Amino acid sequence: MDYKDLADLIFPDAKPIAYYEEKYPERNLPEGAIVTRFAPSPTGFVHIGGLYQSLIAKTMAEKTGGVFFLRVEDTDQKREVENGVTDIVNSLKDFDMPPDEGMISDSEEIGNYGPYKQSLRKDIYQAYAKFLIEQGKAYPCFCTPEEVDHIRKKQESAKIRPGYYGVWAKCRNLTVEEAIEKIKNGEKYIVRFKSPGREDRKIKHKDVIKGNVDFPENDQDIVIIKADGLPTYHFAHAVDDHLMRTTLVIRSDEWLSSVPLHLQLFASLGFRPPKYAHISPIMKNDNGNKRKLSKRKDPEAAVSYYREQGIPADAVKEYLLNIANSSFENWRRANPDKDIKEFDFQMNKMSVSGALFDMVKLLDISKNVISKYDANKVYTESLKWAESYDNELKDILSNKEYSIKVLNIERGKAKPRRDISKWSDVKYCIEYMYDDKFFNNRDEYEFDKISDKEEIKKILKLYISKYYNEADDQTTWFSKIKDLAEELGYAREVKEYKKEPEKWPGHVGDISTVIRVAVTKRRNTPDLYEIMHVLGKDSVEKRINLLAE
RNA sequence: GGCCCCGUGGUCAAGAGGUUAAGACAUCGCCCUUUCACGGCGGAGACAUGGGUUCGAUUCCCGUCGGGGUCACCA
C-alpha cells in the first residue's frame, strides 16, 4: 500500500487537480496587470481596515488594467454572522467600489473563476489535499484537540517552541498501513501538511510594502483540512489565489508572519506564488498605546459608522488615500476637481508603520469635499441621509426648491463656505431658515454688544419701517444699515469707530448683529444679505416685528 | 518568552551622509471682514536613546528602550 491508497481512502471522489488547472486557466490580461482581491470573512461588520485594503486593491487593479475580485472566506461556520455577505457586498457598493468579479449578493456572483465563496469550494480543496497526500506531502492526523493541547502545554512548561512539528508531530511518521487501519477503525482525523521546512534555515521574502524581510523557515505541520472537511485559511489561500490567478495579495500585516508557511504551501503544491503587500492596519490611540481599531470598542471601526454619521464616501476614501500616500494631499490641492482615480497611487510609498486614525482630519477633508458639491448635490445627499437617520431634517428638506436656495447660500463660489463636514451637520446649519422651526424655537435671543431691549426695539423698528427694502442689491442694503447706524448715533464705519471708540456707543457691525440675531436667533451665520434674500420679505418682516412691536 | 516589523512636532507624514528638517490637520497670534466660515500672514512644536563607522549622522551598523504583529481544527 502506498500514499495513493491512503489518498483514495480519504478523498475517494476528488477529481484530479488537472481538471481544475484546466478549468481556471491563466488570465489573458495585458502585461503588468494586477489581479487582486478583497477576501473577508463574513463575521460581522466590515472594518475600516477592510475598506482601506479594498481601496488599495481596487486602485491597483484599475491602474494596471487588472481585476479586483471579492472572495468570501466563510470556512469557519462558528464565527459566521447573519447577513455577513450582504453587508460586505453593500459596503463596497456604498463606497462605489464594486468588485469586477466575485460575490455581488449573498448568493450571486459574477466571473469565471468561482465559486467565490469558500464554503462552495470544498471539492476543490479536497482535490488539492488529496494531491498532496498522494505525494506524501500531507497526512491524516489522528490527534485529538485535547492531545494537541497537551503537547503544547508540555512544550510550554519545558520552554520549547510550541507547535506540531518535528518529533512532536506524532502522526507524521505513521506508516500508510497504520493510517489506513486507523481510518478503517473509524478514528477521527484531520489533514496536516507535512512541512519540508527547517527552523534553522532562513527564507527571504520581498514584500511590496515592507521590503526585504527574512524569516526562519516554517516547520509546523499545520492543519490544511479541518474535521468538518473545510480547509484552514492557509490552505484555502494557496489554492484559491492560485486558481483565481491572483498576482498580488494585499492584506493586513498580521499575516506577514505566515508568509514562510504560505510560500512553502505554494511550492509544495507546485504553484507560482503571488506577490504580497502587507499593509499596516489603522490604529487608535488608547491611553497612550497604539492598538488596532477594534470592532468592539470603536464605533469608527465599522464602515457603516461613516454612513450613519453622514460622512460622504468620497471623503472617507480621500482620507484613506491620504494615509496610504501622503502625496495625495498635494495632488488634491493641485487638482481640486479631478477624480481620485486620476491620482497616481504608488503602493511602494505606503507607510510601513500603522497610522493613528484621525477623525479631525477626516472631518476636515470631508468639509472640503462637501464644500465643492453644488447645492443640488448637498440637497440630494443630505436628504438621502436624513431619510434613514433624521426625520426632522427630512421634514425640513421636504420643500426642495426652497431648501436648495438655502443650501446655495455662499456656495458655488471660488472660495465656498466650509461649514458642513457631515450630513448630520446640515440640520443645525439651516434650520433657522425655515419659519416652522424658527417660530417654534424656544431658545432665548442672545444679542451681543447691544443688549438693551428698548434699544433693540428701536433699531429694529426703524430698520423695518424706514430702511428695509427687499429689492435692494447688497451694496444698497448695507449702506442702508449704515444709514440706520448713523441716524441712531452709531459709527457708520467700523474703522472710524476703532480709531475713537469713545465717540460712539457702537458701530454698524453692532447694528447688523442686532438684525442678524433678530432674523436668525444666531450670532454667527453666513452672509446676512443672502439669508434675508432667501427668507423673503414676509418672513423677514415677521421675524423682525416679533421683537420690534 | 521565541520570531518578525516599526520609531521625524499632538496627529498624518516628506526627506537626504552636509537642508534654515518640507507640507497637511490640530493649536496660538495678527490681518481681512457687519458675525461666522473662507482667505492671507506669522508663531510655537520633531529626527526615542547609547555606542560605533565617518571630516561630518537624524539618515548607515550594533545595543538599549518604546510601540505593534504573530505563535489555533479563527481568519
Side-chain angles (χ1 to χ4, degrees), chain A residues 39-41 43 73-76 78-79 118 141 143-145 148-149 152 156 159-164 188-192 199 205 207 210-211 213-216 220 222-228 230-234 236-237 251-260 278 280-281 283 285 288-292 319 322-323 325-330 332-333 349 351-365 367 371 410 413-420 429 448 478 481-482 485 493-494 507-517 520 522-529:
Chain A
S41 315
T43 54
E73 310 223 325
D74 58 343
T75 54
D76 185 3
K78 292 185 293 285
R79 296 203 311 155
Q118 289 182 332
C141 169
C143 295
T144 62
V148 173
D149 204 48
R152 157 161 277 100
E156 275 166 8
K159 296 214 155 77
I160 45 184
R161 195 163 50 88
Y164 204 88
K188 294 260 176 289
Y189 61 92
I190 44 112
V191 181
R192 284 186 186 271
E199 214 254 348
H205 164 64
D207 194 84
K210 305 274 180 188
V213 190
D214 295 352
F215 293 97
Q220 301 274 343
I222 58 112
V223 175
I224 58 176
I225 302 289
K226 300 183 285 185
D228 59 8
L230 286 168
T232 53
Y233 170 85
H234 304 106
H237 156 53
R251 47 145 64 155
S252 165
D253 72 359
E254 71 202 57
W255 293 110
L256 188 60
S257 56
S258 305
V259 164
H278 287 95
S280 312
M283 316 286 278
N285 189 320
N289 289 336
K290 267 187 172 185
R291 53 149 237 258
K292 276 208 287 187
Y319 174 65
N322 198 264
I323 288 182
N325 269 191
S326 63
S327 56
F328 175 79
E329 214 160 38
N330 291 326
R332 175 46 91 208
R333 213 167 316 122
K349 294 233 171 99
S351 168
V352 283
S353 54
L356 244 29
F357 182 83
D358 187 349
M359 184 59 92
V360 176
K361 178 98 181 180
L362 202 207
L363 290 178
D364 180 72
I365 287 174
K367 222 183 248 191
S371 75
E410 289 187 48
K413 306 186 167 161
K415 288 170 185 170
R417 189 167 187 81
R418 296 211 300 139
D419 52 0
I420 300 171
C429 289
D448 195 9
F478 194 54
I481 295 179
K482 288 181 176 176
E493 305 290 343
V494 179
H507 55 75
V508 62
D510 299 320
I511 297 294
S512 68
T513 295
V514 169
I515 300 172
R516 181 187 313 280
V517 174
T520 65
R522 297 266 175 92
R523 277 193 208 170
N524 304 332
T525 75
D527 182 70
L528 184 57
Y529 173 78

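In this text the structure is predicted, and so the values were computed from the model without any measurement. Letters A, B, ... mirror the listed sequences (proteins, then strands); counts begin at 1.
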Quick one: list whatever passes side chain to side chain donor-acceptor pair (under 3.5 Å) with Asp207(A), sequence neighbours left out.
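Asp207(A) satisfies side chain to side chain donor-acceptor pair (under 3.5 Å) with His205(A), His278(A) only.
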Side chain to side chain donor-acceptor pair (under 3.5 Å) partners for Thr232(A), two or more places apart
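Partners of Thr232(A) by the side chain to side chain donor-acceptor pair (under 3.5 Å) criterion come out as none, since no residue qualifies.
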What N/O pairs connect the protein and nucleotides 57-61 of chain B at under 3.5 Å? Give each pair on its own line.
none

So, using ring-ring contact (aromatic ring centres under 6.0 Å, His included) as the criterion, who are the partners of Phe328(A) when residues are at least two apart?
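Expected list: Trp331(A), Phe343(A).
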Under the rule for ring-ring contact (aromatic ring centres under 6.0 Å, His included), what residues qualify as partners of Tyr529(A), not counting sequence neighbours?
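Testing Tyr529(A) for ring-ring contact (aromatic ring centres under 6.0 Å, His included), a comparison that skips the adjacent residues, returns Trp477(A), His533(A).
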Look at the side chain of Lys210(A) and the backbone N and O of Val352(A), then say whether any donor-acceptor pair between them is shorter than 3.5 Å.
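Pair found, side chain donor or acceptor close to backbone of Val352(A).
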The criterion is side-chain contact (heavy atoms from CB on, under 4.5 Å); which residues satisfy it with [X], sequence neighbours excluded?
X	answer
Thr144(A)	Glu146(A), Glu147(A)
Arg417(A)	Glu410(A), Asp419(A), Pro526(A)
Thr513(A)	Asp448(A), Val517(A)
Val360(A)	Asp358(A)

Letter by letter from the 5' end, nucleotides 4-12 of chain B scores (B base, S sugar-phosphate only, - none; protein heavy atoms under 4.0 Å) SSS----SS
I need a per-nucleotide contact map over nucleotides 28-36 of chain B, read 5' to 3'. Cutoff is protein heavy atoms under 4.0 Å; write B for the base, S for backbone only, - otherwise.
-----SBBB
Contiguous Watson-Crick or G-U pair runs (3 or more, under 3.5 Å) in RNA chain B:
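Stems (3+ consecutive pairs) listed as B:1-7 with B:65-71, B:10-12 with B:23-25, B:27-31 with B:39-43, B:48-52 with B:60-64.
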Roughly how many Å apart are rU8(B) and rA48(B), using the P atom of each and rounding to a whole number?
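Going atom to atom, P in each nucleotide, I get 6 Å.
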